[in-house]
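In what follows, a single structure is set out as structure tokens and then discussed.
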Amino acid sequence: MMFGKALKIGIIAALGIGLQLISLGGVFAEPSSSTVTTASGGYSARFRVEGSVANPTTFTLSKLQALPPTSENVFFYTGQGPVSSKFTGVLLWDLLNSVGVKTDPSIKNDIINKWLVVTGSDGYTVTISAGELDPSFGGQQVLVAYAQDGKLLGADTGFARLIFPGDKAGARDAFWITSIKVH
Ligand SMILES: Nc1nc2c(c(=O)[nH]1)N[C@H]1C(S)=C(S)[C@@H](COP(=O)(O)O)O[C@H]1N2
Ligand SMILES: [Mo]
């Protein structure tokens, strides 16, 4: 039957194109260091703390500044050279406590099962384990910074960014923050 043959040829051709696309993908695949993000990016003036929290809250500069400030001197490498600065902001752990992370009291140490995804307006994401932040466990002094060397963060980084003191490269210091979601 001619129709059956055409269909078979069609399927074989489609498979061929598919295989070619897969091999092209292999040749032109970008290294993970230049992974393409999805959203367009740009200045953000607020972010949402959402997910498994008692009081989902939108944070603006004034709302961040209402929490106790912390400053940290940090040094990290970037694709544009090293950064050595004093960042001022709020401890991420304090910010989480201000909205209340929901945990299940029937699960032993449930806080160490929680994690956060911090997202930038460009779709850039960083995942953090709550156990690393909790002062009873990792106690990492991760900052949601709003100022650098005494000046508020500007258009290039949005009003808030993460700072991981001690990180060698700046990759986890997500800027243009639009969302912090607790899982
Ligand atoms: N939203 C967002 N944050 C980001 C990035 C990004 O592409 N998007 N790049 C990261 C990387 S790889 C580095 S090295 C630092 C650069 O920080 P700087 O702009 O202060 O130099 O930002 C980090 N934060
Ligand atoms: Mo980077």
Side-chain angles (χ1 to χ4, degrees), residues 25-26 28-53 56-99 101 114-134 138-183:
F28 292 110
E30 296 202 46
S32 58
S33 61
S34 58
T35 300
V36 176
T37 51
T38 46
S40 58
Y43 186 80
S44 63
R46 54 183 52 76
F47 61 78
R48 188 93 181 132
V49 182
E50 56 198 345
S52 185
V53 295
T57 304
T58 298
F59 280 86
T60 56
L61 177 61
S62 58
K63 219 164 160 65
L64 270 187
Q65 285 174 321
L67 291 169
T70 300
S71 290
E72 294 173 1
N73 290 300
V74 294
F75 177 92
F76 56 87
Y77 292 97
T78 81
Q80 282 70 49
V83 173
S84 178
S85 277
K86 182 178 89 170
F87 284 91
T88 304
V90 185
L91 289 176
L92 180 52
W93 182 249
D94 290 347
L95 185 138
L96 290 176
N97 277 331
S98 78
V99 300
V101 173
K114 298 290 170 185
W115 76 93
L116 335 170
V117 178
V118 180
T119 306
S121 59
D122 54 348
Y124 194 83
T125 55
V126 177
T127 301
I128 309 165
S129 150
E132 300 310 324
L133 301 176
D134 188 331
Q140 293 293 316
Q141 303 287 289
V142 178
L143 211 58
V144 180
Y146 49 76
Q148 180 174 2
D149 298 323
K151 279 186 278 180
L152 292 177
L153 296 181
D156 48 343
T157 48
F159 89 108
R161 76 175 301 172
L162 293 179
I163 291 294
F164 278 77
D167 271 21
K168 282 117 197 127
R172 294 202 291 176
D173 299 342
F175 50 73
W176 292 337
I177 298 176
T178 54
S179 161
I180 299 178
K181 187 161 186 182
V182 180
H183 295 263

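Predicted, not measured: the structure shown is a model, and the values here were computed from it. Ligands are counted one by one from 1 in listed order, and the atoms in each one are counted from 1 as well.
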**Asked** Does ligand 1 have an atom under 4.0 Å from some heavy atom of R161?
**Response**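 For ligand 1, residue contact (heavy atoms, under 4.0 Å) with R161 is present.
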Does at least one non-hydrogen atom of A169 fall below 4.0 angstrom from an atom of ligand 1?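 Flag not set, A169 not near ligand 1.
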Could you tell me if T119 and T125 have a donor-acceptor pair between their side chains, going purely by distance under 3.5 Å?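 No, T119 and T125 have no side-chain donor paired with an acceptor closer than 3.5 Å.
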*Does the gap between the ring centers of F47 and F159 come in under 6.0 Å?*
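Between F47 and F159, the centre distance is under 6.0 Å.
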ask   = Can you list the ligand 1 atoms lying under 4.0 Å from a non-hydrogen atom of D173?
value =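 Result: 22 (O), 23 (C), 24 (N).
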#### Entry: For D122, the ligand 1 atoms whose distance to one of its heavy atoms is below 4.0 Å
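Atoms satisfying the 4.0 Å criterion: 1 (N), 2 (C), 6 (C), 7 (O), 8 (N).
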query: Can you name the nearest heavy-atom pair linking S44 to W176, along with the distance?
result: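 So the two residues come closest at OG-C, 3.2 Å.
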task = Please answer whether the main-chain N or O of G139 pairs with a side-chain N or O of Q141 as donor and acceptor at a distance below 3.5 Å.
result =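 At least one qualifying donor-acceptor pair exists.
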Which residue pairs pass the salt bridge (Lys or Arg N to Asp or Glu O under 4.0 Å) test with at least one member in residues 62-91, sequence neighbours excluded?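 Applying salt bridge (Lys or Arg N to Asp or Glu O under 4.0 Å) to every pair that reaches into residues 62-91, excluding sequence neighbours, yields nothing.
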Q.
If we set the cut-off at 4.0 Å for heavy atoms, which region of F175 has an atom near ligand 1: side chain, backbone, both, or neither?
A.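 Both backbone and side chain.
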